[in-house]
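Order of the sequence lines fixes the chain letters, A, B, ..., with proteins taken first and strands second; residue numbering starts at 1 for each chain.
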4 protein chains.
Amino acid sequence: MQALIDANHGHMPSYGNDTLTKEADDLIKPALGRDCEIFYVYNGTAANTLACKSVLRSIDSIICPDSAHIFTHEVGAPANATGSKIITLPATDGKITPEQIRIAHQKETYWGVHATRPKLVSITQSTEWGTVYTLDELKGIKEVCTELDMLLHVDGCRIYNAVVSLKCSLAEMCQHIDILSLGGTKNGLMFGEAVVFFNSEASDGFLHLRKQGLQLHSKMRFISAQMKALFTDQLWYHNAKQANLMASQLAEGLILHPEIELYCPVQTNQVFVTMPDKLAKQSMDKVGFFPNGPECYRLVTSFDTTEAEVSQFLFLINK
Amino acid sequence: MQALIDANHGHMPSYGNDTLTKEADDLIKPALGRDCEIFYVYNGTAANTLACKSVLRSIDSIICPDSAHIFTHEVGAPANATGSKIITLPATDGKITPEQIRIAHQKETYWGVHATRPKLVSITQSTEWGTVYTLDELKGIKEVCTELDMLLHVDGCRIYNAVVSLKCSLAEMCQHIDILSLGGTKNGLMFGEAVVFFNSEASDGFLHLRKQGLQLHSKMRFISAQMKALFTDQLWYHNAKQANLMASQLAEGLILHPEIELYCPVQTNQVFVTMPDKLAKQSMDKVGFFPNGPECYRLVTSFDTTEAEVSQFLFLINK
Amino acid sequence: MQALIDANHGHMPSYGNDTLTKEADDLIKPALGRDCEIFYVYNGTAANTLACKSVLRSIDSIICPDSAHIFTHEVGAPANATGSKIITLPATDGKITPEQIRIAHQKETYWGVHATRPKLVSITQSTEWGTVYTLDELKGIKEVCTELDMLLHVDGCRIYNAVVSLKCSLAEMCQHIDILSLGGTKNGLMFGEAVVFFNSEASDGFLHLRKQGLQLHSKMRFISAQMKALFTDQLWYHNAKQANLMASQLAEGLILHPEIELYCPVQTNQVFVTMPDKLAKQSMDKVGFFPNGPECYRLVTSFDTTEAEVSQFLFLINK
Amino acid sequence: MQALIDANHGHMPSYGNDTLTKEADDLIKPALGRDCEIFYVYNGTAANTLACKSVLRSIDSIICPDSAHIFTHEVGAPANATGSKIITLPATDGKITPEQIRIAHQKETYWGVHATRPKLVSITQSTEWGTVYTLDELKGIKEVCTELDMLLHVDGCRIYNAVVSLKCSLAEMCQHIDILSLGGTKNGLMFGEAVVFFNSEASDGFLHLRKQGLQLHSKMRFISAQMKALFTDQLWYHNAKQANLMASQLAEGLILHPEIELYCPVQTNQVFVTMPDKLAKQSMDKVGFFPNGPECYRLVTSFDTTEAEVSQFLFLINK
């Protein structure tokens, strides 16, 4: 917020040719540890959609987990924008394996011109189920992509939580990625995400694509100012660390309840539990946690979740 | 072929305003037994794709079996043309149930504006695995569509074989269908299929859509002449009957071989068997049957398959 | 800005189900004077593109001036998103007439199924050349739309300046509009515009469309808070009035220079002049006004342009 | 027709892997005089649309005459399929100049990321007005394309008539072309056209694109058989020569009438004249010529137009 107030003074060139955007770039690139190009957009769906559109033709296809946000929660935006087919794989706790990718590739290309050309693997890190690919798992997926002449896109709207969870650096994570949707909103920004290309060919025409994709903010400095703030003094790290810690405390408290069970491992800031609806109702409405899905509940902690809030929630549940 | 030779004489109005097209319509409509509109196109992928495009917006979705030709074998054309999401259901022998459709609808709409609006169910009759929905099964699917405010599209590139198999009439089959891709090429035509709308709202703008969809044949009489021939003296029936009969004889012969097993029931003109590659090789190359898929073999009989050909094939297999 | 700071406190429901969004709606609707639905999006290109997409099929077309932003400056986004054809008419000072629309409609529909169905007229108010359609002119265009079964979309990113110029009310202006892109960014907002549907059928599915169109802001309150501020105490009016006044003073000063001529009438906050490049250079770089186009210069005043800035600019020009 | 009857015997591999398709290729390639790839499709709109789609992204644009069939008569199919913008230039007798292309390119690219990247010039030879680009004019257009990093597409549905008119060879014509829509239907085929790529990069993925574009004929031999016939003993040349000759005789006769004037030069098989509606009516209905457009009449001769038909037409006009 303070970053926005500062950005609000004086006149500046429009459409990203401003000092703040350059400063944000200069701060983020070293953190990612590799030569890359960064493009700011409004939200995560846009980052994912335009990342896909930048490298796919309508005859190509995307291989992703069946839990992928790009398939389940974006009203089909990525497929709609690219015209490409999405091939979903059954995910275990939100994750897929190199072997699954290889088989899916074989099955699709078996049909030659009657089927599509798989060109992009898209995974989410941390996943929609709050789990995390290890660095070795990421490397394995990247290797099968290279082998099959595919690119690897990572939906990183919660990548910071994965980095904290793995106790690695953002740079180590990015080693295995071709195109990254770099999160912002879910880490405290008012709005703003970024598409990062580590593969320079992939970004051809992206400036045009961003404008056509309804994502060119005339007052771009208001996005970059926030992203800059997020990367100043590793704010992203502290935000993610706090969120992960609170989720861990929350999970520890929840499993003590006899009627509550963890749905999948808690590795970041999302806790999935099964519990009776009645139990959920007496707590959800009163605290800043949200129900999710028809079968289980999803509790998301954020950078500003406090221990007191967690305690209050656990108190209400156990009442 | 004779129909084409006849159609080749004299000058006629272009783009479907000709006598032959009217005559074909007048012959086909009574056979389908309901008020409808018929539009001729070049091939089956086009019929399916434009049928979908005529009723879907990009925010809508299609529910279909995971074996559906529109999903697996058309390079994503229907999704590409409509911008709509395709929701696939695990099919049993190529078929899906009303209950599967209801659950898929619930799951998708649970997410509100983050997901799509399921608007079309698309099934294939006879299916990609040669099986057939009974009239009751069709009725059940149509009922769940009505309940959920969806339309029912049937990919009928092999609908004639299903009619023969069910010993019903085309009219009985069409009772439960909103939009039909009516086959031609797979029943002996040189080229040509039709999109049939039993729901008149669904066809709004289809003439424009056909032209934009690259399917307006300037010399339309060459398609309608063939469709007319197919419906003259129930030629389609005799063609389908012969194809089904030959498939049945083929299947009976094949199962006598100790190393061959039927993969799914033989109800129309497609026989799916598992057999050693070596066995397949000694017969396939020499006769007009085709291998299919990485795991099993698909043998398709047609209107001009003879008992002699079936016998020769069985002889080679058993050698 | 203050509105944003206020919106930044506490947790609120996401995706527009918040109090601020309701409050903004309650303030804007009376100002527009008609029953309507309002949807907030990030920017003007998005408002225009999704407005078009909400009512057009790929076989339809848009009629607009050849100077229209939707045609010239949005990398083809509206046509890309809709798949529809754009039919441009030669505009006089950015404006088109009912008669031009009628003729264009006739010419296109003459070709029947070989051409598109014109379904939407899109004009800009105030125009890209800073001029304004009178209320009578608007009414005339709306009448021809009704006659030809077309809808009227108005790109109103600068509609406030037109209202001030015409000395009418926003409500009077909206009487003749079916779908309005209601400006925000160009009137001082950090980001945010709205699509307003006066025709309720036109908005079917728009919530899905907004999400698919990459415009669903999870923290929607940050847009609505700004729009609410814009409509509190008629801030939009005061902003537009100041901008128009400064443009008028600027124009009066400029025409005194022997080498400068007005390119078109100055009716709002945009001044188009022809002048030698050399003259332009000695002033542009030093003050917050911008060159535009290869042949003429475009000077845009805004809500925070001061008399001192105008004087300084004129001083530099006349030096 | 005879070619089709011959093609109708025996079983053959589907989807273009047949002997006839290879034979057609072997006959056509030498005639075109350059290394190239040939893909058969159903009709001219498809050839044009897929030619564009093979080389354009949604952020690119096409520059073409405002009379281009791809803009006026294909329900926007090329723009719809590519998502690309079409920039039309005022054509003189259906033709545009290198200088017009250069200016249009400058104007569009002036706006940087707010506008599109012009990547393809598309012209028609012979044009929609029956006129012909000379070889020098073609060369000039190709040169400006090369200079501006654009490709040149030629809609050649009537290229044979242009070759006859210029008294050159097909090979000389093709020297200056990157992608050619090679006509069939308008030269006597029942159906079938071809897309020819002289630029091998441009054809990447075209086999998939053809299937997705609803143009993969399972019984491809029925198209290639006709194309082969067209190129056997230069049948195309004799067809086009006869058509051109008849048009020339027709034009000579028409201009003798005091109320008839040529609308543009007659260089191929299309004659455009202005004449009173009454005059038109007394002849059109009775002979195989067709009215066209709201302001003028278009008379098209074909390979099977006879001198007797021309005489009869002239007799009825002069009655």
Colleague: At a heavy-atom separation under 4.5 Å, does Ala81(D) approach chain A through its side chain, its backbone, both, or neither?
Modeller: neither
Colleague: Atom OG1 in Thr116(D), atom CD in Gln212(A): separation rounded to 0.5 Å?
Modeller: 9.0 Å
Colleague: Contact between Lys211(D) and Ile59(A) at the side-chain level, heavy atoms closer than 4.5 Å - yes or no?
Modeller: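 No. Closest side-chain heavy atoms not under 4.5 Å.
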Colleague: Is any residue of residues 38-50 of chain A within less than 4.5 Å of chain D by heavy atoms, and which ones?
Modeller: none
Colleague: Rounded at 0.5 Å granularity, tell me how far OG in Ser58(A) sits from NE2 in His208(D).
Modeller: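 Reported to 0.5 Å precision, the distance equals 11.0 Å.
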Colleague: Compare every heavy atom of Leu209(D) with every heavy atom of Arg57(A), then report the nearest pair and how far apart it is.
Modeller: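 That would be NH2-CD2, 3.8 Å.
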